[in-house]
Structures are given as structure tokens and as C-alpha cells.
Amino acid sequence: SQQGEEDPQALSIQEGENATMNCSYKTSINNLQWYRQNSGRGLVHLILIRSNEREKHSGRLRVTLDTSKKSSSLLITASRAADTASYFCATDLGGFKTIFGAGTRLFVKA
Amino acid sequence: DTEVTQTPKHLVMGMTNKKSLKCEQHMGHRAMYWYKQKAKKPPELMFVYSYEKLSINESVPSRFSPECPNSSLLNLHLHALQPEDSALYLCASSQELTEETQYFGPGTRLLVL
């Protein structure tokens, strides 16, 4: 079953612009994570935000979490061509299961 | 060593073949995972091992058989697969089952003919 829904499905921007991706989920969570996947490769963990946190930063990444709306957003500032990848949110359903959202494919044009 | 390795990188097999995918980590992680990922889809959890014991089987068909010989190794034995099983198979590990951050290997791209 898919817990997270992400939008947009695809996003194309120019280098230097900011990219915002959104994730919505259905059930209560303990935490929400964001992962990046370069084409056909493994996933790389970017950031984790807990249910009692509202915002978190890591370098050029900013993640927000609104548990009342069951949604999260990932902002990448000053994007680079190397940021081109698919981005997935992931939530825990309890029982130690991690469920990934459908993902946003980001393309950053140089 | 903060790496999860997977072999082989690519695998082509017929529906009558038996093959195995291997995953290895030397980070001392006690939880290991198998995911299946179809093109342009998110990873889907298949199996979870904790302290070398199977904790979660997400109703995966018996033609997929996981094995955890020791705390560093995770295998996925494949037998009588179907063409629809063609996908990227990802292995991941985490410090403990309760540890949220998972470290992923590069995956094995499997093609079943």
C-alpha cells in the first residue's frame, strides 16, 4: 500500500532556481524522511523530521512538516544540475515498515 | 565502511533458472531489508530481517526466498521467476529495526526472460 503521495510528479527548473516538492500521507506517523535516488541507483537518505518537529534544515535542504494536514514539503534552494534525481518521501507505518511515496522526478537544467 | 554492496549489478535469467542476489554491509547494522522497485515507481518492501531473523514478509511469493547467513550478509534466492518480476532489487540496512535511517545499496537490475 502507498502511504505517501507526492506532487508534482515531475519538475523541470533552471539551475539556480529553488525546487519545492510536496508529500501527503494518510495515517499518523512517528517521523517522515526524504530520500534521493539517481537514475537506476540506490536511495540516499537526505533528512528525517519527527512528528513533533515543524521544520528542519540541512545545507540547501529545508523540510517542513504539518501533521494537522498530514503533509510535508522539501525545498532545495539554489538548485544545481547534480540535484537532478527522483525524490521520495517515506513514512513509518509502525511495525517497522517504511512506506515510500510515489516520488517527484526533478530535472535541473544547466 | 559506510557502504552497502550488492552483487551482481545486472542479472538476466530465464524462468526456469535459479539465481541468488547478494547484499553485504560492514557497518554493524542489525536490520536488513529487501525492496523491489519497478521503473518510475517507489521501492516496495519485501522482507525485513532483524538480528538475522525474518521479521517481516510482505506477502512475497515463495519464488523469492530470503536468507540471512550472518549479521553482515543478506541473500535473496530466486527460482521460477516470471517476466513481471523484472525490476531493480534494492538491499538496505539500518542500525536497528527501530532506527529510521536506512542505508541502501546500488541495487541489482534483474531481467527475467
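Letters A, B, ... are given to chains in the order of the sequence lines, protein chains preceding strands, and every chain is numbered from 1.
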- Message: With a 4.5 angstrom heavy-atom cut-off, is it the side chain or the backbone of A/Gln37 that approaches chain B, or both, or neither?
- Response: side chain

- Message: Less than 4.5 Å to any heavy atom of chain A: does that hold for the side chain of B/Gln37, its backbone, both, or neither?
- Response: side chain

- Are any of the side-chain nitrogens in B/Lys38 or B/Glu44 under 4.0 Å away from the carboxylate oxygens of its partner? no

- Could you tell me which portion of A/Thr98 (side chain, backbone, both or neither) has an atom closer than 4.5 angstrom to a non-hydrogen atom of chain B? both

- Query: NZ of B/Lys40: more than 12 outside heavy atoms within 6.0 angstrom?
  - Reply: no

- Give me the contact list for residues 42-76 of chain A versus chain B, heavy atoms only, anything under 4.5 Å, ordered by residue number. A/Gly42, A/Leu43, A/His45, A/Leu48, A/Arg50

- Message: Just checking B/Phe104 against B/Tyr33, ring centres under 6.0 Å apart?
- Response: no

- Pair B/Glu52 + B/Arg30, salt bridge at N-O below 4.0 Å: yes

- With sequence neighbours excluded, give me every ring pair (Phe, Tyr, Trp, His ring centres under 6.0 Å) pair touching residues 42-91 of chain B. B/Phe64-B/Tyr89

- Note on the structure: Residues pairing under salt bridge (Lys or Arg N to Asp or Glu O under 4.0 Å) where one sits in residues 59-77 of chain B, two or more places apart or in two chains, turn out to be B/Arg63-B/Asp85

- Note on the structure: Greatest number of non-hydrogen atom pairs under 4.5 angstrom with chain A, of B/Pro43, B/Ala92, B/Cys91, B/Gly107, falls to B/Pro43

- Any side-chain donor near an acceptor of the partner, A/Glu6 and A/Tyr25, under 3.5 Å: no

Side-chain donor-acceptor contacts of residues 14-21 of chain A below 3.5 Å, not counting sequence neighbours, with atom names and distances?
unit_1  : atom_1 : unit_2  : atom_2 : d
A/Glu15 : OE2    : A/Ala81 : N      : 3.0
A/Glu17 : OE1    : A/Gln14 : N      : 3.0
A/Asn18 : OD1    : A/Ala78 : N      : 3.0

